[in-house]
Number of protein chains: 2
Amino acid sequence: MQRDNSKKQQNVTIYDVASRAGFSVSTVSRVFNGYEFVRESTRERILEAADELGYVANLQARSLAGGRSRYVGLLAPGLDNGYVGGISQGVDRALASAGYGLMLFTTHHHRGQELAYIDTIANGLTAGLLITVPLVPKSYVEALQQQQFPVVLIDQADTSIQSSVVDTTNWQGGYTATEHLINLGHRRIGFITGLMALRSATDRLAGYKMALKDHDIAQDEALIVEGDYMREMGYAATRQLLTLERRPTAIVAANDFTALGAMEAIHDDGLTIPGDISIIGFDDIPEARVVHPKLTTVRLPLEQMGRVAVELLLEHIEDPDLQPKHITLSTQLTERQSCAAPNALSVST
Amino acid sequence: MQRDNSKKQQNVTIYDVASRAGFSVSTVSRVFNGYEFVRESTRERILEAADELGYVANLQARSLAGGRSRYVGLLAPGLDNGYVGGISQGVDRALASAGYGLMLFTTHHHRGQELAYIDTIANGLTAGLLITVPLVPKSYVEALQQQQFPVVLIDQADTSIQSSVVDTTNWQGGYTATEHLINLGHRRIGFITGLMALRSATDRLAGYKMALKDHDIAQDEALIVEGDYMREMGYAATRQLLTLERRPTAIVAANDFTALGAMEAIHDDGLTIPGDISIIGFDDIPEARVVHPKLTTVRLPLEQMGRVAVELLLEHIEDPDLQPKHITLSTQLTERQSCAAPNALSVST
DNA sequence: AGGCTTATTGCAAGCGCTTTCAAAACGGCT
DNA sequence: AGCCGTTTTGAAAGCGCTTGCAATAAGCCT
């Protein structure tokens, strides 16, 4: 309140353009909004004047006055993992080609902040919101919807939320991964789960169980260890699996981070991958292609998810009354080098 | 213009709060801006009313009316690399603790867009701008500065730009990396450069050369291959180095991506790291800890850079007349497993 | 109690732009 | 020339909030 920081003289407003071109602000506004009933010569003169003055629209004022924002918000937990990276890339590209800008907000798990962010955004800075935060409180989403604010959830846990959602075939992915290992000859297959509060985690686990069942392999509870999608737990869980009397010849990790932790644990134990133990991840984050051996994983179409989410959101923005849609994209097994047939010794065990 | 998309009835404004609390909008505004001369009881009543109504400030209006934005913009090339990731994490954290929000804009190398972004942002959505794009046109930055818009460049190439900059000791890093290898016993040390248009690239190379010189090792032009900071070039450059009659026993890569490519090439050639060839990178992106063997690298204090840049920017926001500062952070050698003494055979060669 | 200083609050004028609503200009027809 | 349906414009009312200025209410002193 005290400090000045006042507007710099610099600001060229629509008024300046108007007077320079010799028309009213309304007409200038129309030109910049592509209104059709403006004489061609008028349009030109205005554009010319704007050019000379170096005019740039003030988004805030425009939005305040009821104009439409050309930005879309993306709410993400943080920039620190490949998962968000992949999605946001897809989002960014799709947005760019639709003439929208991306505004990414990070929550860093500070629960309180999420609300503030959403408030802020919903306040009109953006035309719609994409949410990749794993556990958005249902109430937030509902508040947004009540305001008729366009929202699309990405890979969201809570299926009770009535909103457009883009997700993937987690169950199928779990099934495919497991079956891949079975086809390779594995019979003792460990599974490190994700954060069980999330739908994706339970689905992937269910897929794993079903695959075992379909191939008449008895399920062994000792082979299923609960994780939390984080690397550290992947490491710990794997150590636990390795101490088993009859240790698994292969492990399905609920996501790549977990798999990375698992690989580390296996290495630390002096075992080789895939020689002694095969390992398969989930997500296909960039790191998966970099570790040694390269990680075989169930690819989540991250980038595609982002793109589809954008398309969906744009539809909602166009038509506020559009019914929520649920789009499920399919996962795909990406074979690399971390899986092989179990070695004879292990199998005989 | 045609479509409706009008404001939903929902919007609780400062007027609603004012009338509910029985005070004027000015007072309500003061309460929300932490103005001191407001009676405690008044403040309480207003806060209470706001709470009951679920009031949230409209950022746009606030900013339009001259209020200060509590967001800082970050202009980055894209979310797809660990470098930006590291910096943006630091930025995000520092911002969060200063009560600011982060608005990340990606340019994806669409040169044209950068301008539009900057325009947009400069237009008042944010209080200041952080730029990590490698080659921002000087004119953009100058335009921004002319408007007295706070800007801080991160690790920027063009030193002729008169603006606050945060960068790192690239020269020192190149020197340290090379010296590390020399101390290990290497004498034939290859160097794969970065994009030579960038200052960081030339500095790192210069550091390498000086280290060789200081240790009386003749410089061999054949050992220096030009790269572009990208993985693919790292791979290609390394293949080239490996075909040398007297191939190097160690390679300094201008950044981690390049190093990653180099490692791949070495593997593909059937050589081991660090057995046959030692390799050292630059940056310490997250992937460096994940590859096998883990990459020894010159750590760029990415996160710290982000944090420092934020502090600097905040200073500029507080005091628009602050002179540009140039802060250089030091790099640090992070030893992991990709470097070892050259094996006897290679040395004798 | 009267006067003066200081703390609180309200008024009202914008911030830059969009968007009705209505007036002004055209063009074409009779 | 006179009338009518369009096409182009301009005037003016906000959008929700900040703030300078002025008015009012408290406090304190003599």
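Here is how names work: the chains are called A, B, and so on, in the same order as the sequence lines, proteins then strands, and each is numbered from 1.
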Is the backbone N or O of A:Ser29 less than 3.5 Å from a side-chain atom of A:Asn33, with the two atoms forming a donor-acceptor pair by type?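 Here the side-chain-to-backbone pair exists.
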Residue mapping more 5' on DNA chain C - nearest nucleotide basis, A:Phe32 or B:Gly22: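 The answer here is B:Gly22.
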Of residues 37-44 of chain B, the positions that come close to DNA chain C - non-hydrogen atoms, cut-off under 4.0 Å: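 Residues of residues 37-44 of chain B under 4.0 Å from DNA chain C: B:Phe37, B:Val38, B:Arg39, B:Thr42.
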Roughly how far, to the nearest 0.5 Å, is the CG atom of A:Asp167 from the CG atom of A:Leu329?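 The distance works out to 7.5 Å.
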Nearest-neighbour nucleotide for the [X] side chain, [options] considered:
X: A:Val25; options: D:dA12, D:dC17, C:dG16; result: D:dA12
X: B:Thr27; options: C:dG10, D:dG10, C:dT18; result: C:dG10
X: A:Ser26; options: D:dA11, C:dC11, C:dT18; result: D:dA11

Rounded to the nearest Å, what distance is computed from the [atom1] atom of residue [X] to the [atom2] atom of nucleotide [N]?
X: B:Ile14; N: D:dG16; atom1: CD1; atom2: C1'; answer: 8 Å
X: B:Ile46; N: C:dG10; atom1: CD1; atom2: P; answer: 8 Å
X: A:Asn33; N: C:dG16; atom1: CG; atom2: P; answer: 17 Å
X: A:Arg30; N: C:dT20; atom1: CZ; atom2: P; answer: 10 Å

[N] OP1/OP2 closer than 4.0 Å to side-chain N/O of [X]:
X: B:Thr13; N: D:dG16; answer: no
X: A:Tyr15; N: D:dA11; answer: no
X: B:Ser24; N: C:dC11; answer: no
X: A:Asn58; N: C:dC15; answer: no

Closest non-hydrogen atom pair, B:Arg307 against B:Ala94: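 Taking B:Arg307 first and B:Ala94 second, the nearest heavy atoms are CG-CB, 3.5 Å.
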List in chain and number order the residues that pass side-chain hydrogen bond (donor to acceptor under 3.5 Å, both in side chains) with B:Ser163, two or more places apart in sequence or in another chain; answer none if no residue qualifies.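 With sequence neighbours excluded, B:Ser163 shows a side-chain hydrogen bond (donor to acceptor under 3.5 Å, both in side chains) to no residue whatsoever.
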Set of side-chain hydrogen bond (donor to acceptor under 3.5 Å, both in side chains) partners for A:Glu48, sequence neighbours left out: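 Applying side-chain hydrogen bond (donor to acceptor under 3.5 Å, both in side chains) to A:Glu48 gives none.
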Assess whether atom CD of A:Glu52 is packed by more than 12 heavy atoms of other residues, nucleotides or ligands within 6.0 Å.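 It does: A:Glu52 CD has more than 12 such atoms within range.
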Any idea how B:Tyr55 and B:Phe32 line up, ring-wise: parallel (<30°), tilted (30 to 60°), or perpendicular (>60°)?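 Ring orientation of B:Tyr55 relative to B:Phe32: tilted.
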Mark yes or no for a side-chain to base donor-acceptor pair under 3.5 Å between A:Ser29 and C:dC17, with no hydrogen or angle criteria applied.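 Result: no qualifying N/O pair found.
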